[in-house]
Amino acid sequence: MEQSIESYIKNLVRETLGHTLGEMQVQSDRRIYVIANWKMNKSLAETAEFFQEFKSSNDVSVVVCPPTQLLYPTQLFIKQSGKPIGLGGQNVHWADKGAYTGETSISMLKDVGCEYVIIGHSERRQYAHEDDVLVNKKVKQAIKAGLIPIICIGETLEEKNSMRTEQVLFTQLFGALKEIDSGDFIIAYEPVWAIGTGQSATADLAHQTHSYIRSVLKQIVGEKAENISILYGGSANESNAAEYSSMSDIDGVLVGGASLKAQSFDGIIKVFAKGEQNS
Ligand code: PEP
């Protein structure tokens, strides 16, 4: 996979001078995120228990995306904690209001304190048949309303095995970002084969893929691409977080299973927070 000249140089610097010094020399303005995707898990009592134990950190941007019925109580738990934890929805409808039974609008998410929303997660693409056209409609409306979309892209195992990863990511990015020239979004690279399987992508593979994603983003939004955070997602946990955090083009992680327990989510946050302080 082709790397951008910049990420090639960053890697060369890191390999030659060591991670910390290397990062110090080539720091970008990108925010580092550790984001929890709780999917369809947790009761109110379990959420209360999570926030009793959760320590979080001020050194990276932490966001929790609970299921819809827990958004408002989660906002209250966050307020109570006094910590700068962001709140995000796991999905949103493109229309602002109307006869869309079972859906949640952008203004409803904002009303309960959301600043972020996950859009185009592979589970929604798979089970709710969401395609790039729908993803684009949602992303456009979210950006317009000042909600930061966390746009999920990623190839299936079959696509990976038939060497179509770049083609799939290219199509998903151009589809999701049609007619968008703002850089106010986050990309989560989530290879479908790595989600919930325990088979995480190696940090090298994720890093190379992120460099490719950034090169495509440059074609779409120009120089703004340099400041867009690209997160890795897919069986990220306390044990592999350090490898991801050492990569200059991996700007954090979107975490499913390992975000359900406060202790393991804190473990991942700690790793990225340490990386930030060192850089
Ligand atoms: C996800 O679904 O966004 C995800 C990354 O899940 P997991 O960490 O469980 O693979």
Side-chain angles (χ1 to χ4, degrees), residues 32-42 46 50 54 60-68 70-71 74 85-92 109 114 116-130 135 138-139 142 148-157 159-160 165 168-169 172-173 176 185-203 205-207 209-210 213 229-245 247 249-272:
I32 302 295
Y33 285 94
V34 181
I35 301 182
N37 173 15
W38 284 354
K39 311 193 186 196
M40 198 170 71
N41 291 295
K42 282 202 192 293
E46 286 164 343
F50 177 93
F54 188 41
V60 284
S61 299
V62 175
V63 179
V64 175
C65 302
T68 311
L70 292 173
L71 282 170
T74 300
I85 301 165
L87 182 66
Q90 295 178 12
N91 179 37
V92 74
L109 290 185
C114 288
Y116 301 87
V117 62
I118 297 173
I119 296 180
H121 191 282
S122 64
E123 286 151 15
R124 292 213 56 85
R125 292 178 191 256
Q126 184 182 352
Y127 302 122
H129 310 294
E130 292 197 0
V135 168
K138 294 180 179 195
V139 169
I148 299 175
I150 302 158
I151 306 167
C152 298
I153 56 170
E155 80 286 2
T156 63
L157 185 60
E159 288 161 345
K160 175 180 182 266
T165 299
V168 168
L169 298 178
Q172 289 178 336
L173 284 167
F185 56 84
I186 295 167
I187 296 291
Y189 168 56
E190 298 209 304
V192 181
W193 47 269
I195 295 180
T197 59
Q199 294 188 317
S200 51
T202 63
L205 177 66
H207 183 264
T209 311
H210 285 208
I213 291 170
S229 300
I230 304 177
L231 318 187
Y232 168 75
S235 299
N237 56 38
E238 280 177 279
S239 315
N240 56 29
E243 288 169 44
Y244 296 125
S245 82
M247 295 294 182
D249 240 335
I250 300 182
D251 309 310
V253 278
L254 177 56
V255 189
S259 72
L260 291 171
K261 293 255 179 286
Q263 207 184 3
S264 55
F265 191 46
D266 265 328
I268 298 170
I269 292 168
K270 233 186 197 165
V271 169
F272 278 91

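For ligands, and for the atoms within them, numbers begin at 1 and follow the listed sequence.
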Suppose I only count heavy atoms of Gly196 and a 4.0 Å limit; which atoms of ligand 1 are within that range? 7 (P), 9 (O), 10 (O)
Do me a favour and list the nearest non-hydrogen protein atom to atom 2 (O) of ligand 1 with residue, atom name and distance? Lys39 NZ, 2.5 Å
Do me a favour and list the nearest non-hydrogen protein atom to atom 5 (C) of ligand 1 with residue, atom name and distance? Glu190 OE2, 3.0 Å
Proximity winner for atom 6 (O) of ligand 1, if only heavy atoms of Gly256, Gly154, Ala236, Cys65 are counted: Gly256
So do the side chains of Trp193 and Glu155 get within less than 4.5 Å of each other, counting heavy atoms only? yes
Identify the protein heavy atom lying closest to atom 1 (C) of ligand 1, giving its residue, its atom name and the separation to 0.1 Å. His121 NE2, 3.2 Å
Any nitrogen or oxygen of Gly234, main chain or side chain, under 3.5 Å from a nitrogen or oxygen of ligand 1? no
Asn37: numbered ligand 1 atoms lying under 4.0 Å from its heavy atoms: 1 (C), 2 (O), 3 (O)
Rounded to the nearest 0.5 Å, what separates atom CG in Leu205 from atom OH in Tyr232? 8.5 Å
Taking 4.0 angstrom as the limit and counting only heavy atoms of Ala194, give me the atoms of ligand 1 inside it, by number and element. 10 (O)
When you look at CD of Gln263, are more than 12 heavy atoms from neighbouring residues, nucleotides or ligands closer to it than 6.0 Å? no
To the nearest 0.5 Å, what is the distance between CG (Asn37) and CG (Leu260)? 9.0 Å
Does a side-chain heavy-atom distance below 4.5 Å link Arg125 with Val135? yes
Should Ile195 be counted as touching ligand 1, given the test is an N or O pair under 3.5 Å? no
So, is Gly257 polar-close to ligand 1, with some N/O to N/O distance under 3.5 Å? yes
Residues passing the side chain to side chain donor-acceptor pair (under 3.5 Å) test with Gln172, sequence neighbours excluded, are none
Flag for Gln90-His121: side-chain donor and acceptor within less than 3.5 Å: no
Is the shortest N/O to N/O distance between Thr197 and ligand 1 below 3.5 Å? no
Here the gap from His210 atom NE2 to Ser229 atom OG, rounded to the nearest 0.5 Å, amounts to 11.0 Å
